[in-house]
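Just follow the structure's listing: the first ligand is 1, and inside any ligand the first atom is 1.
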Amino acid sequence: MVVPRLNMVIGAFTNASLPIFFTRDWHPPNHMSFKGQGGTWPPHCVKETPGAEFHPKLEVPLGAVVVSKGTEADLEAYSGFQGTDLEKRIKETRVHEVFLGGLATDYCVKETALDALDAGLKVKVLEDCIRGVNLRGNDSELALREVVARGVALVTSLDAVRLVSRARRSHPKPRHPRLG
Ligand code: ZN
């Protein structure tokens, strides 16, 4: 179950005032990835339907950036960067390193990780916060091997929490001048 571990990382980032970006499939009902349109997948994440909502237990903080992808009927978008303003949104925050989790290891996680590298970001994949589809038995393993070969690091959710809290201790937040 990846949601509780993702929530732990989300909580640590929230406490450290670090930005969090959520990506979601947000498909039109006739999306080309659906079997009825000749695609690979059963219909999923049809925009403005319950199927496109985040997992009910996933903690999406107020003010978090939500990026929708796969919004055009004739374009697939496994990567959160594809056809979205995610790169711009990340760069606006001056972030140079991202921690990545979610579904699915062998499609959206893999493609998002590779695009994040191409965007010049350091990329860490949260290896205990991902799950694969594995249409072929070892697709996820191959996907992880590929992203690691390209320069992605694999870390656990606990590693991420420790790194973030350590960074916070060595760079304490500046005190805001008292108002009034
Ligand atoms: Zn999709």
message: Using a 3.5 Å distance criterion without hydrogens, assess whether the side chain of N7 forms a donor-acceptor pair with backbone atoms of K57.
response: yes
- request: Everything protein-side that's N, O or S and under 2.8 Å from the Zn ion (ligand 1): list it, residue and atom.
  value: D25 OD2, H27 NE2, H44 NE2
- request: Give a yes or no on whether the backbone of T156 and the side-chain of D159 come within a donor-acceptor separation of less than 3.5 Å.
  value: yes
query: Do N134 and S140 get their side chains close enough for a donor-acceptor pair, meaning under 3.5 Å?
result: yes
Residues that S79 engages under side chain to side chain contact (heavy atoms under 4.5 Å, CB included), provided they are two or more places apart: F81, Q82, E111, T112, D115
query: Tell me, do E146 and L114 make a side-chain contact under 4.5 Å, heavy atoms counted?
result: yes
field: N/O donor-acceptor pair under 3.5 Å between K110 side chain and A143 backbone
entry: no
